[in-house]
There are 2 protein chains.
Amino acid sequence: MPEPMYRLIADDLQRKIETGQLGPGDQLPTEIELRDEYQASRNTVRDAVKWLIGRGLVETRPGQGTFVVEKIDPFVTSLSTGVESGFGGESAAYASEVAARRRVPTVTPPRVEIQQVDGVIASELGLEQGSAIVGRHQQRYIDDTPWSLQTSFYPMRFVELGATQLIQAQNIVDVVRYLEERLSIKQVGWRDKITVRPPNQNEAAFFKLPEDGRVAVFEILETGFDERGQPIRLTVSIYPTDRNQFAVVVGEVPDDGLP
Amino acid sequence: MPEPMYRLIADDLQRKIETGQLGPGDQLPTEIELRDEYQASRNTVRDAVKWLIGRGLVETRPGQGTFVVEKIDPFVTSLSTGVESGFGGESAAYASEVAARRRVPTVTPPRVEIQQVDGVIASELGLEQGSAIVGRHQQRYIDDTPWSLQTSFYPMRFVELGATQLIQAQNIVDVVRYLEERLSIKQVGWRDKITVRPPNQNEAAFFKLPEDGRVAVFEILETGFDERGQPIRLTVSIYPTDRNQFAVVVGEVPDDGLP
DNA sequence: GCAAATTTGTTCGTATGTATT
DNA sequence: CAATACATACGAACAAATTTG
């Protein structure tokens with residue numbers, strides 16, 4: 001029961017990549033050349049290349065060739081600061097982190113939706129199925145490249161109590177502060193849940209992810225709570241895993257490296 | 001420029017899965033049946049199935065068939081508590097989280113290595129390239145299924161100063177406390193960095209991940225600091241992304257759901 | 001326990017389409 | 001427009017894993 005040939009070819013190419021014989025950005029031999037080199041059929045070398053693609057080691061460009069992937073300089077987001085709190089808010093949450101690298105962040109005005117809660121959102125916000133909520137969807141960019149998709153949900157009750165800006169399609173600089181000033185609802189803590197899953201069609205399109213679905217996305221649920229322990233907001237953020245990194249700071253830690 | 005046929009087949013099958021026409025665990029028609037149903041060749045329906053595998057929607061079992069994947073009940077790990085601190089330590093860090101689900105955690109005795117630092121480890125521990133460090137590698141299981149690979153690194157200097165248990169291949173119940181009692185080195189905070197990457201061969205084998213490399217792993221770097229802001233340890237933990245979830249709690253948050 | 005049937009996995013050859021240079 | 005390189009599609013044969021009789 002020997003290893004199949006496409007695996008042997010893939011392992012050999014992988015070795016050449018890991019030993020630096022093929023560096024980032026380098027072009028691999030063409031499928032025809034590989035076919036002759038390994039004495040296999042073109043379909044078999046294609047299987048080998050697909051294996052390497054699945055490992056995230058190479059990428060193919062139609063009409064050009066197959067290339068060793070170049071690693072992306074990751075962007076770091078701190079969760080200890082809160083996606084939407086502190087210095088943050090819908091428009092400026094990440095300004096400090098971005099500034100350190102001289103990158104230019106932008107955010108779209110929110111698309112506002114009013115809907116009935118279900119499933120996860122209901123359970124996170126402690127609402128009954130069918131209650132009305134406000135959803136504010138935004139797209140965030142860094143240097144004009146798509147960075148994250150973010151949606152914040154609030155109970156519709158907040159609007160009825162007077163927080164009418166929640167249903168307007170305009171940025172709110174700091175929602176947490178707005179809720180405090182308008183409704184005296186004060187956020188005293190929050191909780192993040194971090195998962196990783198394959199992107200849906202929307203996300204793959206927005207982030208321009210390769211169609212083969214090998215790049216997964218982070219899904220971060222951040223629930224904010226008031227003094228009485230009641231959930232007051234839920235922010236769902238999506239980030240591609242190939243260009244993002246998260247940091248958590250607990251206790252006393254020196255200021256180095258992280259913003 | 002129409003959509004290729006394998007995509008049309010994949011989209012149709014995906015629709016059947018998402019509408020519940022094919023539920024979790026259900027077997028898809030065999031490749032031969034799909035070939036007849038869609039009037040395509042077997043290789044083309046196989047391409048469609050591969051597409052769905054890449055999306056994490058189905059899995060194939062040689063000799064059996066193709067099945068809709070069943071979602072795994074995820075393990076939740078809190079980062080606000082520290083992978084190796086508080087109630088934790090090498091042996092018990094996750095006991096509380098696991099206990100809530102009546103799962104049985106186990107951990108192997110550490111494999112101890114002494115080596116010279118390089119790259120990331122040196123930079124995280126603030127050591128010069130070539131300094132000596134101790135690495136303690138452990139494998140952690142839940143209910144006998146592989147759960148995480150964890151390695152903690154400490155400066156060799158700690159051993160020379162008297163923390164000799166660090167180079168013994170036995171569990172240390174709470175390393176943080178041991179360092180404090182033995183060397184008066186007190187951890188006052190820590191920082192986690194969370195990334196996602198494809199598994200290496202070691203990791204894929206240990207976690208029994210599907211060979212096609214579609215399941216990525218979390219890599220969590222946790223650096224602990226003492227009162228003077230000096231790094232005193234680096235713990236690198238690896239978890240498969242398909243069965244793990246992380247939580248971060250900041251400020252006052254009610255005790256519900258999470259340990 | 002073994003043999004047959006079923007199902008997916010690997011490999012080849014070939015032809016044609018699409019993207020890029 | 002032509003040449004090059006990867007993408008899609010078909011047909012065929014045999015191998016390997018699993019279940020069934």
Side-chain angles (χ1 to χ4, degrees), chain A residues 1-14 17 22 25-70 204 208-214, chain B residues 1-14 17 22 25-70 204 208-214:
Chain A
M1 183 193 54
E3 286 285 281
M5 189 184 317
Y6 78 94
R7 285 293 309 278
L8 297 176
I9 298 173
D11 289 349
D12 191 56
L13 290 171
Q14 177 164 1
I17 292 170
L22 284 167
D26 284 0
Q27 178 170 7
L28 270 65
T30 68
E31 293 173 351
I32 302 299
E33 289 167 339
L34 290 173
R35 179 196 63 181
D36 297 340
E37 182 178 341
Y38 292 103
Q39 300 279 310
S41 77
R42 185 175 156 231
N43 277 331
T44 299
V45 307
R46 276 178 62 77
D47 282 344
V49 170
K50 279 180 203 157
W51 175 270
L52 295 175
I53 291 176
R55 293 286 167 302
L57 294 173
V58 304
E59 62 185 356
T60 55
R61 302 178 205 145
Q64 296 188 46
T66 304
F67 301 84
V68 181
V69 297
E70 306 191 59
K208 298 182 177 55
L209 299 180
E211 283 216 316
D212 54 28
R214 84 176 171 282
Chain B
M1 185 191 54
E3 286 285 280
M5 191 184 313
Y6 79 94
R7 285 293 308 277
L8 297 175
I9 298 172
D11 289 349
D12 191 56
L13 290 171
Q14 177 165 0
I17 292 169
L22 284 166
D26 284 359
Q27 178 169 8
L28 270 65
T30 68
E31 292 173 352
I32 301 298
E33 289 167 339
L34 290 173
R35 179 195 64 180
D36 297 340
E37 183 178 341
Y38 291 104
Q39 299 280 307
S41 77
R42 181 173 161 232
N43 277 331
T44 299
V45 307
R46 277 177 63 76
D47 283 344
V49 170
K50 280 179 201 157
W51 176 270
L52 295 174
I53 290 175
R55 294 286 167 303
L57 294 173
V58 305
E59 63 185 356
T60 55
R61 300 176 207 148
Q64 297 188 48
T66 304
F67 301 83
V68 181
V69 298
E70 305 190 60
K208 296 181 177 58
L209 300 179
E211 284 217 317
D212 54 27
R214 85 175 170 282

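Throughout, a chain's letter reflects where its sequence line sits, starting with A, and its residues are numbered from 1.
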Report the distance from atom [atom1] of [X] to atom [atom2] of [N], rounded to the nearest whole Å.
X: A:Glu59; N: D:dC6; atom1: CD; atom2: P; result: 13 Å
X: B:Ile53; N: C:dT8; atom1: CD1; atom2: C1'; result: 10 Å
X: B:Tyr6; N: D:dC6; atom1: OH; atom2: C1'; result: 12 Å
X: A:Arg46; N: D:dT8; atom1: CZ; atom2: P; result: 7 Å
X: B:Met5; N: C:dT18; atom1: CE; atom2: C1'; result: 16 Å
X: B:Ile9; N: D:dT8; atom1: CD1; atom2: P; result: 13 Å
X: A:Trp51; N: C:dT11; atom1: CH2; atom2: P; result: 12 Å
X: B:Glu3; N: C:dG17; atom1: CD; atom2: C1'; result: 15 Å

Atom pairs under 3.5 Å, N or O on each side, protein against nucleotides 13-15 of chain C: can you list them with distances?
| from | atom 1 | to | atom 2 | distance (Å) |
| --- | --- | --- | --- | --- |
| C:dG13 | O6 | A:Asn43 | ND2 | 2.8 |

Who passes side chain to side chain donor-acceptor pair (under 3.5 Å) against [X], sequence neighbours left out?
X: A:Thr60; value: none
X: B:Glu70; value: none
X: B:Glu31; value: B:Arg42, B:Arg46

- Item | B:Thr60 vs C:dT8: side-chain N/O to OP1/OP2 distance below 4.0 Å |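 No.
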- Message: Below the 4.0 Å mark, does C:dC12 have OP1 or OP2 next to a side-chain nitrogen or oxygen of A:Thr44?
- Response: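 For A:Thr44, the contact criterion (side-chain N or O under 4.0 Å from OP1 or OP2 of C:dC12) is met.
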- Query: What closest approach, in Å, do A:Leu22 and A:Gln27 show between heavy atoms, and which atom pair accounts for it?
  - Reply: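 Closest approach of A:Leu22 to A:Gln27, heavy atoms only: CD2-O, 4.2 Å.
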- Least distance between heavy atoms, B:Leu8 atom then B:Glu3 atom: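 Heavy atoms of B:Leu8 and B:Glu3 come nearest at CD2-CB, 3.8 Å.
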Only counting residues at least two apart or in another chain, list the ones meeting salt bridge (charged side-chain N to carboxylate O under 4.0 Å, His left out) with [X].
X: B:Arg214; answer: B:Asp212
X: A:Asp11; answer: none
X: A:Asp12; answer: A:Arg15, A:Lys16

- Task: List for me each residue that meets side-chain contact (heavy atoms from CB on, under 4.5 Å) alongside B:Pro29, sequence neighbours excluded, and say none if there are none.
- Result: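 B:Pro29 satisfies side-chain contact (heavy atoms from CB on, under 4.5 Å) with B:Glu33, B:Leu34, B:Glu37 once adjacent residues are dropped.
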- Message: Using C1' atoms of five pairs at each end, report the bend of the helix from C:dC2-D:dG21 to C:dT21-D:dA2 rounded to 10 degrees.
- Response: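 End-to-end axis angle for the helix from C:dC2-D:dG21 to C:dT21-D:dA2: 10°, rounded to 10°.
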With 3.5 Å as the limit, what N/O pairs link the protein to nucleotides 4-7 of chain C?
| from | atom 1 | to | atom 2 | distance (Å) |
| --- | --- | --- | --- | --- |
| C:dT7 | O2 | B:Gly63 | N | 3.4 |

- Query: Does the side chain of B:Leu13 come within less than 4.5 Å of B:Leu28's, by heavy atoms?
  - Reply: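 Yes, their side chains come closer than 4.5 Å.
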- side-chain hydrogen bond (donor to acceptor under 3.5 Å, both in side chains) pairs, two or more places apart, involving residues 48-59 of chain A: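 Every pair satisfying side-chain hydrogen bond (donor to acceptor under 3.5 Å, both in side chains) with a residue in residues 48-59 of chain A: A:Glu59-A:Arg61.
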